[in-house]
Each structure stands twice: as C-alpha cells, then as structure tokens.
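Right, one structure below, let's go through it.
Predicted model, so just to flag it, every value in this text is computed and none were measured.
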Amino acid sequence: MPLHKGSPEPDRRPSVNPFFGEANPVGGMTEAPPEHRLPDGPLPPMSAYQLVRDELMLDGNARLNLATFVTTWMENQAGVLMAECRDKNMIDKDEYPRTAELERRCVSMLADLWHAPDPSSGVGCSTTGSSEACMLAGMALKRRWAARNKDRYPSSARPNLVMGINVQVCWEKFCNFWEVEARLVPMEGERFHLDPQAAADLCDENTIGVVAVLGSTFDGSYEPVAELCAALDALQERTGLDIPVHVDGASGAMVAPFLDEDLVWDFRLPRVSSINTSGHKYGLVYPGVGWALWRSAEELPQELVFRVNYLGGDMPTFALNFSRPGAQVVAQYYTFLRLGREGYRAVQQTSRNVARGLAERIEAMGDFRLLTRGDQLPVFAFTTADDVTAYDVFDVSRRLRENGWLVPAYTFPANREDLSVLRVVCRNGFSEDLAGLFVDDLNRLLPELRRQPGPFTADRQAATSFHH
C-alpha cells in the first residue's frame, strides 16, 4: 500500500505547483480552486496556505510604504501576545476581565499623558481606529449641542461642525452619516491647515464644535490648538457662544507629549473637550486600535453609553463596533509597558531625526522644494522646484514604485488645487539605512526624469496614490 495519495494521470498536467500536494507531488493538484465561488471540497491546510501566500506576495512591501501612517513593525513578543489574544472578544468584559482591565489602564495612561483633570477616573475607550474615535467624539458634541438647544430646535435640526479642509476623510463621513453641516476653512497661500480666526468666524449658535488636527495628513504640520482656543474664548466674550474643541490627534497626540512638551494643545486648555489618537500609528501598534478620551464624564452624554446585559454581565459600552479582538488593546498595553515615556521619546525622536535628515537630503538635490521639514510629525511634503518642467510629482511617485517605494503624490484641496506634492511618512522601522537607500534610488531616477520631454501624467486624479 503506497504511502502517498492519488495516482498521476499522464494526460493531465498540474495547474498548481505540484509541491502544494499533500504527499504526492504529481497527484491531486490538477485543478486550481475557483476564485469567485466556494470550492466544491476542502484543500489540505498547507495547500490553502501556499495559494493565499503566493498571491499576497504581489502586495507592496509594508516596510517600504512611505504613504501610510500605520505601524508596520513590532517586536516578536508583541506578535506572540497578539496571537494569544486574537480569539478574545473585547466586548465580553465579564469573560475576559483582565483584557478589560488592560483597556482601562491604557485609558488612564493616556488621560495622564494628555493632562486630564483627573486621570485616575479617565473617561474613554478603545476603538478600531481614529475613524471610529472621531465618530464617537462627534456624536458627543452633537448630543451636547442638542441638549443645550432643546428648547429652540427639534431633534432633527441640522447643526454644523467647523474644521480645516485638510481634515481626514472620516470627518466628512461623520458629517454625512450624522446629518451635520461641514464648515471648512480653506487653505490660503502657504498655510495648509486651519486658521484660528477663520474658524471662529464660521461659528454660530448652531456650531457643535471645532476640530483641530494635531498633525495634518497633508503635510505633517500641527494646527495651532492654543491659538484656536484663544480665538474661541474671544468669541465667547463677544457673543456668549461657548464652542468646544475636539483635537484629532490621530498621529500627533502620540508624538507631541514626548517631543514637544512645551506645546500646549491638550486638556490643559479648558476648551478642549475630547481627544482621539490612533494606537496603530505613532502609538506603535499594528492595526487596528484607536482611542477616544473626554475631559470628564460631563463631556460624554450618558444617553450614548449603553449598558448591555450580555453573557451574564452588565457592561457599559459606547463604541460603535461590538465584537472585535482584544489583541490590539493588549499590544497597546504591552507597548506602553515596554517603552514608557523615555522609550517613546527615543523612538519618536529617531523617526523625527530620520524625517528631517531625509528632507534636507532631498532639498539638496535641487529639483525639489520642501513644504514641511518633518520637525512636527515625522512627516514632510515636497514638490518639484519652479524650474523643473520635464516631470512632475506623479512621475516621481510612479518611478519610485518600480523600486518598491510607495510614495503618495496628490493635489491639495480648494484654494490650492494648483499645488501637487509628494509626502513621506517616517515611522518606527524606517531607519537611517533605509532612508539612505531611498535617496540612492531617487538620485538614480533623476537623470532619466530630467531627460523626459515633459510630464507623462495626463490624468492627475487617476494617478494620485494619496490615501489618508
């Protein structure tokens, strides 16, 4: 009795790598499984693994992705912890009380980091990312506005939210989904984010709040949160309007506390009502985990907090999602424990040093003009110099992709549609060595780009590779 399974048929050729077979390299792999319907029968686990893995090889290398803010490297120990916790459902706090406790500790740590009045009783929760966290913060702002104005407006009234046109797309989604008018402060000249006085001028009695972005995805710059609060303070003195501020700190809320300690942007400002961040960005955790925190319980309307009798326990929850793995929350606590303040400071400073050094080397090439230099978020944007006519930023992005580098090229929004840029995001794991290799590849491409008769990109909207 042979140990292998199946017998080869001379008139049938394998359509899948013969080595994917369970035992006999030339038997049982004559038909590839269908791609758009369920196969009729099962495959051996190793065969299924190899088929999926081979296709995923065609994805870009995450470590060379200079477009994403999302963490692409963690220590092996964090990966092991995440694997051990991926079957734990975050919502089942009765069944997984220690996982729930780690979430509570993370909220307290962030409340302390962001100078909440009483960090020990921090009000917040984990989310699947900053998009969900922003939705929660926006909902709280709208409900608080509705409560203040219940005698003047029906519950169906449409209020407004003021923010810069550079906000992440999740805020556009919030306004769309929750029937809120988006009032956008446009870019002007060399100002690529919100202007405090322009934002205050857009506010009225129907404004639920103003969003300030600590680290714009367009160019990595911080918006002036303290100046915004001062403009809104002056507005309240003149008109009596008390407009709260939400800080979208998706990236900057995990950079500024360590590298820009003198910058006042957080709960030290009484007008700041809530803050969100992405644990999976400069929080240094694999996707997806975010955090939403409020100054105090008064800023989070209780009607948004659900108490669910589920699997034998009474649990308060105010997240949009229900079931999700506890792995990312555990990884966040591991990273907080592993690095501490000094460790985070070292990691973020290294990323900023890489960004600033790389920006200077790109500027020294002479073909490019820097918009930002990586001295706030470890992110910088640059465009072609005025005298460069043979190619544009979209050509550069396309040619860099040939060497594996994913660098987004995109056009700025209203009032600066004339400006197209490249953006580089430097994260933990993007080292000085990798930055040097990037510069080498860019230098090798420039002679060819300079010889072009003109930019090759006809449709800039189709060419853009910008994704928040």
Point-to-point distance, once rounded to the nearest 0.5 Å, from [atom1] of [X] to [atom2] of [Y]:
| X | Y | atom1 | atom2 | value |
| --- | --- | --- | --- | --- |
| R423 | T383 | CZ | OG1 | 14.5 Å |
| I165 | L194 | CD1 | CG | 11.5 Å |
| L184 | L161 | CG | CG | 9.0 Å |
| L51 | Y49 | CG | OH | 12.0 Å |
| I243 | D233 | CD1 | CG | 11.5 Å |
| Y282 | F69 | OH | CZ | 6.0 Å |

Are a donor atom and an acceptor atom from the side chains of [X] and [Y] found within less than 3.5 Å of each other?
| X | Y | value |
| --- | --- | --- |
| S216 | H193 | no |
| Q168 | D248 | no |
| N65 | T68 | no |
| S273 | R144 | yes |
| T335 | Q332 | no |

### side chain to side chain donor-acceptor pair (under 3.5 Å) assessment of S431 paired with D433
CA-CA 5 Å; S431 62; D433 287 344; 4.9 Å; no
### Task
Give me the ring orientation class for W178 and F174: parallel if the planes are under 30° apart, tilted from 30 to 60°, perpendicular past 60°.
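Plane angle under 30°, so parallel.
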### Query
Can you say whether the rings of F192 and F412 are parallel (under 30°), tilted (30 to 60°) or perpendicular (over 60°)?
perpendicular
Take atom [atom1] of [X] as the centre, draw a 6.0 Å sphere, and report whether it contains more than 12 heavy atoms from other residues, nucleotides or ligands.
| X | atom1 | answer |
| --- | --- | --- |
| R356 | CZ | no |
| R338 | CZ | no |
| R86 | CZ | no |
| D87 | CG | yes |
| D386 | CG | no |

Does the side chain of [X] reach to within under 4.5 Å of the side chain of [Y], using non-hydrogen atoms?
| X | Y | result |
| --- | --- | --- |
| W73 | R427 | no |
| H246 | N276 | yes |
| R191 | V185 | yes |

### Query
What do the steps show when you test R324 against S126 for side chain to side chain donor-acceptor pair (under 3.5 Å), and what is the final call?
CA-CA 11 Å; R324 57 189 174 90; S126 66; 2.6 Å; yes
Are [X] and [Y] within salt-bridge range, i.e. N to O under 4.0 Å?
| X | Y | result |
| --- | --- | --- |
| R105 | E101 | yes |
| R444 | E402 | no |
| E190 | R416 | yes |

### Query
Can you check whether D392's main-chain N or O pairs, donor with acceptor, with T384's side chain at less than 3.5 Å?
no
### Query
When you measure from the side chain of T277 to the backbone N and O of A250, does any donor-acceptor pair fall under 3.5 Å?
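Judged by distance alone, yes, a pair lies under 3.5 Å.
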### Task
Sequence neighbours left out, what passes side chain to side chain contact (heavy atoms under 4.5 Å, CB included) with L66? Give chain and number order.
W405, V407, V424, F430, F438
### Message
List the residues meeting ring-ring contact (aromatic ring centres under 6.0 Å, His included) with F380, not counting sequence neighbours, and say none if there are none.
### Response
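Listed in chain order: F382.
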#### Entry: Any residue meeting ring-ring contact (aromatic ring centres under 6.0 Å, His included) with H280, in chain and number order, not counting sequence neighbours
none
